[in-house]
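Notes follow once the structure below has been shown.
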2 protein chains.
Amino acid sequence: MQLHKRDVVAKAAAILDNYGIADLTMRRLARELDVTPGALYWHFANKQELLGAVADQLLAPACAEPAPMSWQARIETVCRGLRDALLSHTDGAELVSASFAAGQSQAVEQILGGLAEAAGEAGVAAAHTELAARTVLYYVLGFTADEQSRMQWDAAGAALPDTRSALTDDPGTRFGFGLQVLVDGIAARRTSPV
Amino acid sequence: MQLHKRDVVAKAAAILDNYGIADLTMRRLARELDVTPGALYWHFANKQELLGAVADQLLAPACAEPAPMSWQARIETVCRGLRDALLSHTDGAELVSASFAAGQSQAVEQILGGLAEAAGEAGVAAAHTELAARTVLYYVLGFTADEQSRMQWDAAGAALPDTRSALTDDPGTRFGFGLQVLVDGIAARRTSPV
DNA sequence: ACCTGAACACCGTTCAAGT
DNA sequence: ACCTGAACACCGTTCAAGT
């Protein structure tokens with residue numbers, strides 16, 4: 001039967017989850033779909049475009065507009081949602097970072113828009129809201145890519161020492177620290193009254 | 001004559017500068033050094049280790065300990081030095097990000113140490129200085145990788161519109177905005193008097 | 001000790017030709 | 001319109017064998 005874009009994206013996501021981004025190749029994807037590599041190029045211009053489609057599917061849950069709330073809560077909600085989405089698939093942060101860098105993720109642009117809006121509500125000058133949004137995004141992508149690569153290293157390595165304290169070792173708490181830094185920093189950049 | 005590590009790293013840096021990271025392959029590097037690809041594996045365990053050595057050479061100018069100054073100035077100095085080093089070679093930010101993610105850059109760890117020290121001077125609790133340092137690093141790497149990939153896009157594309165205002169378009173100024181957000185955010189995280 | 005030769009197991013992409 | 005077959009131009013890594 002016919003190959004559809006959505007089947008290709010779904011199989012790509014499955015490979016990502018089961019084997020990681022290094023094994024997500026056009027040839028392997030074609031093999032698992034029982035087609036020739038060339039067939040994929042009828043549906044996607046190139047590998048980057050295909051990866052962008054996978055990234056956007058992965059980010060769909062993080063694109064929902066949140067209910068009205070304070071700008072601080074909105075930034076926190078968007079960032080936690082983004083991190084959760086990235087963590088939901090193996091190498092999700094790496095995939096999304098690459099797609100963003102290649103300008104192939106419409107979903108990231110949307111998330112960036114939401115963050116910029118929140119920065120505007122915080123009182124950041126209109127000319128700087130986009131900068132504030134990008135600053136936050138770089139943090140979320142950097143932190144989560146790091147977190148996810150450590151998870152893989154840990155999974156293959158020794159057991160964790162049980163001297164864990166939530167304040168320094170729980171990834172969610174660690175993530176929150178940087179988030180708080182950024183929220184406080186944005187508050188300090190306000191140029192207009194709220 | 002004999003192949004030395006430093007010759008390999010120097011030639012790799014030259015390929016990076018002239019053709020970009022996509023063309024920095026083990027086979028091409030070997031060809032330009034007039035050796036067989038296998039020869040490189042006598043000197044380096046794998047490609048990641050070699051790229052780590054290139055990253056560390058590139059970052060050497062950013063590793064100098066700065067003169068005594070306020071913690072704010074120190075963070076700014078370290079970050080500007082890091083960005084300058086990344087911009088000094090084509091795809092420098094991408095190379096360093098990859099080497100850092102692979103745990104192959106001793107220089108990045110050193111820079112991270114300097115940032116953590118500055119956070120400590122700012123009054124951030126000892127348990128959190130490393131988190132603060134990473135937050136800053138993710139920003140510098142993310143911003144600069146983005147900046148550098150746009151440079152390549154612009155170089156191939158149309159001329160820039162001349163409606164440029166330094167406040168929103170000069171990359172150095174744009175970089176400073178996020179830096180200020182982080183510095184102010186760290187100041188807000190102080191738990192002990194300075 | 002240091003390097004070659006040759007192989008192994010792959011890549012992304014293109015495109016004439018088929019159905 | 002959609003896909004195959006086959007090619008093009010590559011990859012990283014290993015390792016017996018040479019010097």
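- A:Phe143 and B:Tyr139 have their aromatic ring centers separated by at least 6.0 angstrom.
- Here the side chains of A:Val183 and A:Trp71 are in contact, with some heavy-atom distance below 4.5 Å.
- Between B:Gly185 and A:Asp184, the closest heavy-atom pair is CA-CB, 4.0 Å.
- Atom CG in A:Leu40 sits roughly 14 Å away from atom C1' in C:dT14 (whole-Å rounding).
- Nucleotides D:dA9 and C:dC8 place their P atoms 22 Å apart, quoted to the nearest Å.
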Check nucleotides 15-19 of chain C against the protein and report each pair of N or O atoms closer than 3.5 Å, with its distance, or say if there are none.
none

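- OP1 and OP2 of C:dC3 both lie 4.0 Å or more from every side-chain N or O belonging to B:Trp42.
- The stretch residues 21-50 of chain B participates, sequence neighbours left out, in these salt bridge (charged side-chain N to carboxylate O under 4.0 Å, His left out) pairs: B:Arg28-B:Glu32.
- Considering only heavy atoms from C-beta on, B:Asp84 stays 4.5 Å or farther from B:Pro61 through its side chain.
- Taking only side-chain nitrogens and oxygens, A:His43 comes nearer than 4.0 Å to OP1 or OP2 of D:dC3.
- The nearest whole Å value for the distance from the CD atom in A:Gln2 to the P atom in D:dT4 is 11 Å.
- The stretch residues 63-83 of chain B participates, sequence neighbours left out, in these salt bridge (charged side-chain N to carboxylate O under 4.0 Å, His left out) pairs: B:Glu65-B:Arg74, B:Arg74-B:Glu117, B:Arg74-B:Glu121, B:Glu76-B:Arg80, B:Arg83-B:Glu147.
- Paired runs in DNA chain D that reach 3 or more consecutive Watson-Crick or G-U pairs, where each pair keeps both distances under 3.5 Å, cover C:4-8 with D:12-16, C:12-16 with D:4-8.
- The two atoms that bring B:Val124 and A:Phe177 nearest to each other are CG1-CZ, 4.1 Å, heavy atoms only.
- Contacts between residues 14-36 of chain B and DNA chain C, defined by a heavy-atom separation under 4.0 Å, are made by B:Arg27, B:Val35, B:Thr36.
- Looking at residues two or more places apart in sequence or on another chain, you find a side chain to side chain contact (heavy atoms under 4.5 Å, CB included) between A:Asp146 and A:Ser149, A:Arg150, B:Phe100, B:Arg134, B:Tyr138.
- A straight line from CG of A:Leu50 to P of C:dG12 spans 10 Å, rounded to a whole angstrom.
- Taking every heavy atom of both residues into account, A:Pro66 and A:Thr77 meet most closely at CB-CG2, 4.3 Å.
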